[in-house]
Amino acid sequence: MTLKATLDQHNVTLVAVSKTYPPERIMAEYEKGQRIFGENRVQELTAKYEALPKDIQWHQIGHLQRNKIKYIASFVHLIHAVDSFELLQEIDRQAAKYERIIDCLLQFHIAKEDTKFGFSEEEAVALLEQQPWLHLQHVRICGVMGMATYTDDETVVRQEFRQLKKIFEHLRQRFFADAPSFKEISMGMSGDWHIAVEEGSTMVRIGSLIFGSRN
Ligand SMILES: *Cc1c(COP(=O)(O)O)cnc(C)c1O
């Protein structure tokens with residue numbers, strides 16, 4: 001089955017990761033019906049937002065610096081990689097200026113590599129228990145995001161996705177039982193999306209499989 005048919009069957013949202021690819025390539029996917037695109041660099045994201053049709057939903061998928069939020073706060077649709085309360089607070093502050101509520105995912109560190117950002121489950125629980133985030137009126141926590149270890153060992157990748165799904169279920173029961181908008185598990189990329197879908201992903205972030213390999 002093709003990527004799109006499989007995702008449709010499982011009700012999984014496709015974020016087409018267009019970082020490094022020029023606007024023409026994005027337009028080619030747009031013409032085929034794709035409306036959700038993901039970028040990981042703010043400067044590139046804002047340039048593409050300005051150049052391309054306004055019904056595109058732009059997702060910020062990579063690590064985000066606090067001082068860059070102001071450039072995307074007026075239009076960004078979902079921020080995938082929130083890894084601190086300070087970041088969430090600043091997103092809230094910037095969103096307030098535009099009278100918006102910005103949807104966010106909490107990023108979890110599930111991979112073996114320590115180069116990847118994200119909360120541990122304990123850190124997130126400690127933060128959510130203190131509840132300062134409940135006072136933020138301009139952000140909505142919609143779920144979790146994670147990246148698996150970059151390895152050919154499917155067992156490792158599967159175990160990490162399973163761990164993220166467990167974290168999601170745990171947080172949902174404990175903190176978001178009354179929040180139907182807490183529903184997203186953003187996991188799976190070009191090399192591991194099929195495993196992610198089997199393990200309960202609701203949103204995959206796929207670049208090279210759609211656009212071809214990046215340099
Ligand atoms: C680049 C990137 C992707 C997509 O990677 P591919 O291997 O090209 O599918 C997904 N998520 C994040 C956070 C990325 O930076």
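Atoms within each ligand, like the ligands themselves, are counted from 1 in listed order.
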| Can you get from Ile61 to Tyr49 by hopping between Ile, Leu, Val, Met, Phe, Trp and Tyr side chains that sit under 4.5 Å apart? | no

Honestly, for His80 the part within reach of ligand 1 (heavy atoms, under 4.0 Å) is neither

Among non-hydrogen protein atoms, atom 12 (C) of ligand 1 lies closest to Ile61 CD1, 3.4 Å

The protein heavy atom nearest to atom 9 (O) of ligand 1 is Ser190 OG, 2.5 Å

Atom 14 (C) of ligand 1 sits nearest the protein heavy atom Lys19 NZ, 3.0 Å

Per-atom filter on ligand 1: closer than 4.0 angstrom to a heavy atom of Ile206 are 9 (O)

Review point. Taking side chain as C-beta onward, heavy atoms only, is Met147 less than 4.5 Å from His109?
Key: no

Are Leu7 and Phe161 grouped together when hydrophobic residues (ILVMFWY) are joined by side-chain heavy atoms under 4.5 angstrom apart?
-> yes

heavy-atom search around atom 4 (C) of ligand 1 in the protein gives Arg205 O, 3.6 Å

Closest to atom 3 (C) of ligand 1 (heavy atoms only, candidates His59, Met189, Met145) is Met189

Under 4.0 Å between a Lys/Arg side-chain N and an Asp/Glu carboxylate O for Lys48 and Glu39? yes

So, for Phe176 and Trp133, is the gap between ring centers shorter than 6.0 Å?
yes

Exactly one candidate in Arg158, His10, Arg162 meets side chain to side chain donor-acceptor pair (under 3.5 Å) with Glu198; the answer is Arg158

Quick check: does Gly207 get an N/O under 3.5 Å from an N/O on ligand 1? yes

